[in-house]
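Note that the coordinates shown come from a computational prediction; the quantities given were computed from them, not determined experimentally.
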Amino acid sequence: GNTTSGVAINTGRHRVITTAVNGQKLAISVDGVTTTAGSNVATFSNGENTLYIFARKGPDRYCSAKLWGLKIYINDELVRDFVPGIKNTVAGLYDMLNDVWYVSQSVKERHNEPQVYIDYVKSTGSQWVDSGVLPGPAGNVTPAITSMIIDADVDITGGNSDCDLVGMGSNNFEPMKTYNGKYSAYVKNSYETTSGVAIDSGRHRVISKAVQGQKLSISVDGVTTTASGNVTANSNYNSTLYLFARHGPDRYCSAKLWGMKIYINNILKRDFVPGIFRHAARGGSGRRSEQAGRLCRVRRIQRQPVG
């Protein structure tokens with residue numbers, strides 16, 4: 001249902017809190033005065049869509065507003081803590097909780113494309129990229145994630161004998177890695193599958209598939225190997241996938257990357273290509289990589305390009 005407060009817009013600065021809890025009435029509070037809807041909140045059926053600010057996702061129903069700050073809680077846990085700021089002369093919102101800078105989509109379209117697309121980006125073995133992709137599993141996200149496919153154009157050139165090109169922490173999900181110097185994949189409770197292709201052997205197309213109820217597989221240039229066990233839901237899939245390292249970060253991987261696609265439930269969620277941006281990349285650890293190269297999201301961009 002819908003609930004409307006007695007406070008009109010364009011009446012100055014207010015503290016506004018909305019609360020949507022399954023099985024309880026939707027509520028909105030303005031400066032401490034609360035009104036509720038006539039019916040209870042039901043389970044959300046379209047949880048894959050992200051929340052927009054200043055508009056409804058589409059985008060449409062744009063809103064003119066001054067914003068001093070915004071917090072978002074999911075299941076009583078703070079997941080976003082936005083404050084206004086200016087970065088590189090562009091105004092936006094800084095998420096203090098996750099250390100991420102957000103700008104208007106229209107600004108992104110003007111400023112966030114790389115100046116030059118380049119052939120590949122290279123990690124030297126001390127950098128990483130947070131993809132922002134949460135692997136799952138069923139029960140931890142809505143809708144449930146039942147399959148993940150990673151398609152990379154890559155040359156892993158070094159690192160530890162057990163290092164991650166794509167990985168999540170705590171030995172749970174390492175869908176693209178090396179083992180004993182060969183291309184490999186690992187999912188907890190699904191064992192490990194290792195190809196016959198050694199790292200540092202040139203450029204390859206590597207595809208890993210983790211589909212619940214099926215055997216974990218890795219394909220290098222069309223030749224596929226599979227694990228002995230099936231992929232199962234895991235309650236510890238609770239951190240995002242890193243590139244060039246395992247989420248931690250640790251198990252750094254030295255690699256050249258020409259591009260990478262990440263599919264969730266057969267829907268393309270990330271399409272990374274290398275580029276050079278207006279502000280030269282920094283060395284050292286963090287979301288930057290060598291030679292001022294960075295990865296940008298070609299499709300479904302939700303934040304500034306990561307790199």
Side-chain angles (χ1 to χ4, degrees), residues 114 116-131 133 148-168 173-187 191-210 215-227 241-247 249-263 268-277 281 283-299 305-307:
V116 179
Y117 286 102
I118 56 178
D119 194 24
Y120 65 86
V121 65
K122 182 178 179 180
S123 167
T124 60
S126 60
Q127 299 125 335
W128 72 92
V129 172
D130 186 352
S131 74
V133 174
M148 172 173 285
I149 298 172
I150 297 175
D151 186 346
D153 188 354
V154 65
D155 177 12
I156 296 180
T157 55
N160 299 326
S161 61
D162 195 358
C163 68
D164 288 16
L165 180 69
V166 182
M168 197 190 73
F173 193 40
E174 300 165 87
M176 199 166 289
K177 55 171 291 189
T178 68
Y179 182 71
N180 288 336
K182 295 181 179 180
Y183 287 88
S184 180
Y186 173 82
V187 175
Y191 309 100
E192 187 154 11
T193 178
T194 302
S195 75
V197 180
I199 65 171
D200 202 21
S201 57
R203 181 177 178 179
H204 300 283
R205 185 181 182 190
V206 184
I207 301 173
S208 71
K209 294 183 179 181
K215 296 186 187 310
L216 174 69
S217 70
I218 188 166
S219 169
V220 181
D221 300 326
V223 179
T224 302
T225 58
T226 59
L241 290 171
Y242 273 25
L243 312 185
F244 304 115
R246 186 179 67 171
H247 194 129
D250 57 15
R251 295 189 181 178
Y252 295 96
C253 179
S254 298
K256 296 177 181 178
L257 187 64
W258 283 262
M260 178 182 289
K261 293 179 172 66
I262 300 177
Y263 297 84
L268 181 63
K269 294 293 186 178
R270 297 289 186 272
D271 188 353
F272 292 115
V273 294
I276 296 177
F277 289 73
S285 62
R287 299 184 176 185
R288 300 293 191 274
S289 51
E290 185 185 60
Q291 300 171 347
R294 295 174 63 187
L295 294 174
C296 68
R297 303 178 185 179
V298 177
R299 298 183 179 88
V306 295

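- Although no hydrogens or angles enter the test, the distance criterion places a donor-acceptor pair under 3.5 Å between the side chain of S184 and the main chain of T193.
- By the 4.5 Å heavy-atom criterion applied to side chains, K177 and L165 are not counted as neighbours.
- Under the 6.0 Å cut-off for aromatic ring centres, W128 and F244 do not qualify, their centroids lying 6.0 Å or more apart.
- No side-chain heavy atom of I150 sits less than 4.5 Å from a side-chain heavy atom of K261.
- In this structure a side-chain-to-backbone donor-acceptor pair under 3.5 Å is missing from S219 to V206.
- The two residues P175 and G167 come nearest to each other via the heavy atoms CD-CA, 4.3 Å.
- To the nearest 0.5 Å, the span separating SG on C163 from CE on M176 amounts to 12.5 Å.
- A donor-acceptor pair is defined here as one N or O able to donate and one able to accept, closer than 3.5 Å; such a pair exists between the side chain of T157 and the backbone of S254.
- Judged by distance alone, with hydrogens and angles left aside, the side-chain atoms of S208 form no donor-acceptor pair with the main-chain N or O of A185 at under 3.5 Å.
- Of the possible polar contacts, one joining the Y183 side chain to the I156 backbone as a donor-acceptor pair under 3.5 Å is found.
- Between A245 and Q127, the shortest heavy-atom contact is CB-O, 4.4 Å.
- Taking both residues in full, the closest heavy atoms of I262 and F272 are given as CD1-CE1, 4.3 Å, listed atom of the first, atom of the second, then distance.
- From M168, atom CE reaches atom CG of L241 across 7.5 Å, with rounding to the nearest 0.5 Å.
- The only member of D155, D153, D151 that meets salt bridge (charged side-chain N to carboxylate O under 4.0 Å, His left out) when paired with R205 is D151.
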